[in-house]
Amino acid sequence: MARDIDALTAATLKHLRDRWWDEAFTSFVRVTLQPRAGNRILDVGCGTGTAEINISRLGLSQVDLCAVDLLYARVREALMATRARNMPVGFAAADACALPFRDGAFDSVFCVAVLQHVRDVSSALREFARVTKPGGRVLVVEPDNSARYWYSASEAGRRAFELGQRFFATLAQSRDDLTDPAVGPKLAGLFPLHGIQPLSVHLFPVSSTRLGAPPPAVWEARREAVRAAFAKAPDEAIRRLGADYVKLLDKYAREAADAGPSFVEIQNTMLFAAVGQKNEE
Ligand SMILES: C[S@@+](CC[C@H](N)C(=O)[O-])C[C@H]1O[C@@H](n2cnc3c(N)ncnc32)[C@H](O)[C@@H]1O
């Protein structure tokens, strides 16, 4: 369950990585970055190293791959994962908005599912352009977390989705979260402001369907995810909203069980991959 798409339990796509980092996406990244022997490629916001492991599997051994993440713990995990596979990747802890590299240090730069967490997207794009060589590729892939498709055959399921959206939005507001959940489709339009020529935008749909009432473990995972989110909520009103949400999830579970084999739930969201080229000087 934790790896399934679930708009009911998270404001972002964090549960989805295994689903969309598939072979097709990996080869899209490879084709887009046009790696040649000796090229230096930078992954900004590498997380636990999914990209590095997948890209290295494609046999890019002659490429000099570097990766950074804001969190040292993630960098460490990514380093251990690639070392265990004997993959030479250079890692560093660094902020996308202040990259510790000289101008034009990389032949291409990519960044996946990171700018949705960054307040100052312009600063990050400026940095991506700065560290990319003239003529080099910049690839940025982000979702639009504000535009999710959701269908449930159950009335409580439809209400749960709406309440969930409100719950996560209120939680974000209470944390003074100024990140842009809808950054994905905007990226190509921001490129020219930073000396990057937009080349193309590719859409990657991520969807899941459930037919028949989900097993109890699905409901328990959903309740747990919501409880974990509101346990840290700073005020009573949000905790109350969270508690109401859990109650609605219980009702949804009951309606789903009653519907049995006629239960249907469909979720879909979209990743937007903006491809650009750093302007020639
Ligand atoms: C959803 S994960 C994506 C990880 C990886 N790119 C992938 O696709 O598997 C987002 C990552 O962005 C990192 N991150 C968030 N803000 C960042 C920033 N300002 N600079 C660098 N990394 C950042 C987080 O620490 C996290 O590891």
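This is a predicted model, so every value here is computed, not measured.
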Within-4.5 Å side-chain heavy-atom neighbours: Arg74 and Cys46: no

Pairwise side-chain contact, Leu163 with Leu241, heavy-atom cut-off 4.5 Å (strictly under): yes

Which residues share a salt bridge (Lys or Arg N to Asp or Glu O under 4.0 Å) with Asp95, sequence neighbours left out: none

Test log, rule side-chain hydrogen bond (donor to acceptor under 3.5 Å, both in side chains), inputs Tyr252 and Ser152: CA-CA 10 Å; Tyr252 184 22; Ser152 172; 2.9 Å; yes

Those residues that, when tested against Lys186, pass salt bridge (Lys or Arg N to Asp or Glu O under 4.0 Å) (two or more places apart): Asp180

Side-chain heavy atoms of Arg83 within contact of Met80, under 4.5 Å: no

Approximate separation, where rounding is to 0.5 Å, of Asp69 CG and Leu79 CG: 12.5 Å

Glu265 and Arg222: CA distance, side-chain angles, deciding distance, salt bridge (Lys or Arg N to Asp or Glu O under 4.0 Å) verdict: CA-CA 14 Å; Glu265 189 187 270; Arg222 285 180 167 173; 2.7 Å; yes

Residue from Arg36, Arg137, Lys133 passing salt bridge (Lys or Arg N to Asp or Glu O under 4.0 Å) with Asp107: Lys133

Minimum side-chain heavy-atom gap Val264-Thr209 below 4.5 Å: no

Ring geometry between Phe167 and Tyr245 (parallel below 30°, tilted from 30 to 60°, perpendicular above 60°): tilted

Side chain proximity check, Val68 to Val75, heavy atoms < 4.5 angstrom: no

Cation over ring face, Arg239 and Phe230, 6.0 Å, 45°: no

Gln197 (side chain) donor-acceptor with Asn279 (main chain) under 3.5 angstrom: no

Sub-4.5 Å side-chain heavy-atom contact between Asn268 and Pro205: yes

The single option from Val140, Val141, Thr50, Val44 passing side chain to side chain contact (heavy atoms under 4.5 Å, CB included) against Val112: Val141

Note, His202 side chain near Phe28 side chain (heavy atom, < 4.5 Å): yes

Aromatic Trp150 / basic Arg148 pairing, under 6.0 angstrom, 45° off normal: no

Glu220/Arg227 under salt bridge (Lys or Arg N to Asp or Glu O under 4.0 Å): CA gap, chis, key distance, verdict: CA-CA 10 Å; Glu220 203 32 58; Arg227 277 194 207 108; 3.8 Å; yes

pair Arg76-Phe91: side-chain heavy atoms closer than 4.5 Å: no

